S.K.: 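What follows is a single structure, and I will ask about it in a moment.
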Amino acid sequence: MRGATRVKWAVGVVAVVLTAAACGGGSDSGGGSSGSGIVRASWADPQNPLEPADTNEVQGGKVLDMIFRGLKKYDPKTAKADNMIADSITTTDSQNFDIKLKPGWTFSNGEPVNADSFINAWNFGALLKNAQLNASFFSYIDGYDQVHPSATGAKSTATTMSGLKKVSDTEFTAKLNQKFALWPDTLGYSAFYPLPKVFFDNPTAWESKPIGDGPYTVTSYTKGSQMSLRKWDGYKGPDPAQNNGVDLRVYTDNNTAYTDLQAGNLDLVDDIPASQLQNVKSDLGSRYINVPAGIIQTIAFPLYDSRWSSANSAKVRQGLSMAIDRKTITQQIFQNTRTPATDWTSPVLGDAGGYKAGLCGDTCVFDAAKAKQLIQQGGGLPGGKITIGYNADTGSHKAWVDAVCNSINNVLGNNNACVGDPTGTFADFRNKITSKQMTNPFRAGWQMDYPLIQDFLQPLYYTNASSNDSHYSNPDFDNLVNQANGATNTGDAVSKYQDAEKLLITDMPAIPLWYQNGSAGYSTNLSNVALNPFSVPVYNEIKVK
């Protein structure tokens, strides 16, 4: 999803305007020895209203995953796609799927979760006029091209996808436009969440107070301050909240959040500042979490800009990749909580899931002489210098962007060849990217939506895909992804995906930097705190003392 980043990934905002509430202090935390109480956690405003099909970044994704449940849910320890609302998803040909639902599920307003809840939500997400960021996730469903034509200026010739058919309230079928054996494993992603009838009756009113079917409900939101979620006692799923709620407090500086954690004003920080990594173990002891996660940090290029789309500019991008001393940066800036990237996926996938160590080859290895040579062969940096864009409110990005620029500057022998270009908030940064305002490279990390190599490639590099921030387009890449999606077994699919990934070495639409661990710290008020393989806290399992 998520530009992570959701990173996701991925996880900035035309925010949902919910009932205003003042940012609370510490009075809500606690609640005796029963493990109840309110978790006070750091957060950043999401980019868009919390519609499942319109959220493709981490901060909004955190909330969606608390207030919704879908057909499948990814195991918080293994990331395995387990059935949740789905009773079964079966196929005999990897193209026609029969989906049966468990009875008894409801939204928090009492509406039943039924076949229409999914069919209507997916059709809404796919329809061109609704301009949902995740529309392309429905592109495998037959009839998508009619509701969401790809040609510029084209209009929809249908409002619903012909591939979705209701059988009964607890059963529907999905016909895909190609074989995609792994499709059921994608259905735990938030774009596929159901929506209640009240959403379609008045989407604007729903956005002011989202109604879902998960273990939490949104009770208030003040943009730039706090979102409050509370446990839904009517939730019938197998994973109810173990606390009374979560207050997501907006911070524009994760150093401030860390200071508040140490002072007892905050319970959970899921982004330890790089400047604190040397101290965090002594500060927090066993309350510091550092675990591998399905996240990769990259630098993307605006290939829609003529300076980056010329025939020789790929050499400049390759040279910039080789000018970055990943090993030194991950050791000195990140204290080995990052690992230099050698491909565009994540080791969390494992070999069977599509990760191939070293796939990028020498192009992702620091080589000052070769880097300078390639940049010169490509015509030099556009205008003689570049900036690297990043958001300044989360992720300690200034430190590593400055380090990357210093590495590039040292290679080129020019202290002004590369400088950082901060944008104040994640929301504003993402809005610049999606509106194609970027004219220079920018950070574009990715947090996996589901544990498949396809999720690291297709959403980011397939032509017109939902998170293709570079606007990269290569018919050969698209064709190989299509072949991979049509494979009837995982091994063949992975092989084709890796063939597609190899094309990124030459084209370099984004520079792989490093694989990122999930890191978090929590207060003595909490117990049973963990990060899932997506690096997101498992909020519903947290207990408050």
Side-chain angles (χ1 to χ4, degrees), residues 53 70-74 79-102 114-123 125-126 134-150 157-158 160-189 191-194 349 352-354 449-459 462-463 465-466 475-500:
L71 293 172
K72 285 183 174 282
K73 182 176 182 291
Y74 300 113
K80 181 178 179 292
D82 296 322
N83 284 346
M84 181 56 74
I85 297 176
D87 189 49
S88 64
I89 302 176
T90 57
T91 182
T92 58
D93 60 4
S94 298
Q95 186 167 2
N96 292 276
F97 293 85
D98 183 72
I99 301 166
K100 294 181 180 178
L101 309 179
K102 296 173 183 174
N114 54 32
D116 288 329
S117 308
F118 289 96
I119 293 172
N120 293 338
W122 296 5
N123 280 325
N134 287 328
S136 65
F137 279 88
F138 306 104
S139 62
Y140 307 108
I141 300 173
D142 209 28
Y144 175 82
D145 288 344
Q146 284 68 55
V147 303
H148 200 113
S150 59
T157 57
T160 60
M161 292 179 286
S162 58
L164 297 177
K165 301 290 185 184
K166 179 180 179 179
V167 178
S168 69
D169 281 346
T170 57
E171 183 178 3
F172 68 102
T173 60
K175 179 182 179 182
L176 307 187
N177 47 38
Q178 64 181 71
K179 293 181 182 297
F180 188 5
L182 302 180
W183 183 70
D185 287 342
T186 73
L187 299 180
Y189 178 47
F192 296 102
Y193 285 156
L349 297 177
D449 303 306
Y450 40 83
L452 300 176
I453 182 177
Q454 179 263 353
D455 185 51
F456 284 90
L457 300 181
Q458 186 161 1
Y462 193 92
T463 301
S466 61
D476 293 334
F477 179 92
D478 294 351
N479 183 51
L480 286 166
V481 168
N482 289 339
Q483 291 180 44
N485 289 340
T488 56
N489 66 75
T490 301
D492 289 345
V494 164
S495 178
K496 287 295 183 183
Y497 287 130
Q498 289 176 339
D499 287 343

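Quick caveat, the model's predicted, so the values are computed rather than measured. Heavy atoms only: backbone and side chains are in, while hydrogens, waters and symmetry mates are out.
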S.K.: Does the side chain of Leu71 come within less than 4.5 Å of Leu101's, by heavy atoms?
M.R.: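 A side-chain contact exists here, since the closest heavy-atom pair is under 4.5 Å.
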
S.K.: Report yes if the side chains of Tyr74 and Tyr450 come closer than 4.5 Å at any heavy-atom pair, otherwise no.
M.R.: yes

S.K.: Quick one: pull up CG in Asp478 and OG1 in Thr463 and give me the separation to the nearest 0.5 Å.
M.R.: 3.5 Å

S.K.: For Val147 versus Met161, what's the shortest heavy-atom pair and its separation?
M.R.: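 The answer is CG2-CG, 3.8 Å.
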
S.K.: For Pro475, does its backbone N or O pair with a side-chain atom of Asn479 as donor and acceptor, under 3.5 Å?
M.R.: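 It does not hold such a pair.
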
S.K.: Out of the candidates Thr91, Ile99, Ile89, only one should pair with Pro184 under the side chain to side chain contact (heavy atoms under 4.5 Å, CB included) rule; please name it.
M.R.: Ile89

S.K.: Which one of Lys179, Gln454, Gln458 satisfies the side chain to side chain donor-acceptor pair (under 3.5 Å) criterion with Asn485?
M.R.: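 It is Gln458, the one option of Lys179, Gln454, Gln458 that forms the side chain to side chain donor-acceptor pair (under 3.5 Å) with Asn485.
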
S.K.: Could you give the distance from CG (Asn134) to OH (Tyr193), rounded to the nearest 0.5 Å?
M.R.: 11.5 Å

S.K.: Measuring from atom CZ of Phe138 to atom CG of Leu176, what distance do you get when rounded to the nearest 0.5 angstrom?
M.R.: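 Result: 13.0 Å between the selected atoms.
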
S.K.: Any side-chain to backbone donor/acceptor pair from Ser136 onto Ser466? Under 3.5 Å, distance only.
M.R.: yes

S.K.: Is atom NZ of Lys72 surrounded by more than 12 heavy atoms (other residues, nucleotides or ligands) closer than 6.0 Å?
M.R.: yes

S.K.: Which heavy atom of Gly125 sits nearest to which heavy atom of Ala53, and what is that distance?
M.R.: CA-CB, 3.7 Å

S.K.: How long is the gap from OG on Ser94 to CH2 on Trp183, to the nearest 0.5 Å?
M.R.: 12.0 Å

S.K.: With sequence neighbours excluded, what pairs up with Tyr140 under the ring-ring contact (aromatic ring centres under 6.0 Å, His included) test?
M.R.: Phe180

S.K.: Taking the side chain as every heavy atom from C-beta outward, state whether Leu452 and Thr186 have any pair of such atoms under 4.5 Å apart.
M.R.: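 Answer yes - side chains close enough.
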
S.K.: State, to 0.1 Å, how close Ala174 and Leu164 come at their nearest heavy-atom pair, and which atoms those are.
M.R.: CB-CD2, 3.9 Å

S.K.: Quick one: closest heavy-atom pair of Pro451 and Leu349, and the distance?
M.R.: C-CD2, 3.5 Å

S.K.: Report yes if the side chains of Phe137 and Pro459 come closer than 4.5 Å at any heavy-atom pair, otherwise no.
M.R.: yes

S.K.: So how far is it from Trp122 CH2 to Phe192 CZ, rounded to the nearest 0.5 Å?
M.R.: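 Reported to 0.5 Å precision, the distance equals 6.0 Å.
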
S.K.: Would you say Lys73 and Asp82 make side-chain contact, with heavy atoms under 4.5 Å?
M.R.: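 Counting from C-beta outward, Lys73 and Asp82 never come under 4.5 Å.
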
S.K.: Let me confirm one number: the CD1-OG1 distance from Ile141 to Thr160, rounded to the nearest 0.5 Å.
M.R.: 11.5 Å

S.K.: If you look at every heavy atom in Lys166 and Ala115, which pair is closest and at what distance?
M.R.: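 That would be CG-CB, 4.2 Å.
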
S.K.: For atom NZ of Lys102, is the number of surrounding heavy atoms from other residues, nucleotides or ligands below 6.0 Å larger than 12?
M.R.: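 Yes, because the 6.0 Å sphere around NZ of Lys102 holds more than 12 heavy atoms from other groups.
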
S.K.: The test is side-chain contact (heavy atoms from CB on, under 4.5 Å); show your working for Asn96 and Thr173 and say whether it passes.
M.R.: CA-CA 7 Å; Asn96 292 276; Thr173 60; over 6 Å; no

S.K.: Determine whether Thr490 and Leu182 make a side-chain contact, defined as any pair of heavy atoms from C-beta on separated by less than 4.5 Å.
M.R.: yes

S.K.: Take Ile85 and Phe118, measure what side-chain contact (heavy atoms from CB on, under 4.5 Å) needs, and give me the verdict at the end.
M.R.: CA-CA 11 Å; Ile85 297 176; Phe118 289 96; 4.1 Å; yes

S.K.: Within the 3.5 Å criterion, strictly below it, is a donor on Ser495 or Asp492 matched to an acceptor on the partner's side chain?
M.R.: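 No - no donor-acceptor pair under 3.5 Å links their side chains.
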
S.K.: What is the minimum heavy-atom distance between Ala487 and Ala493, and which atoms define it?
M.R.: CB-N, 3.6 Å

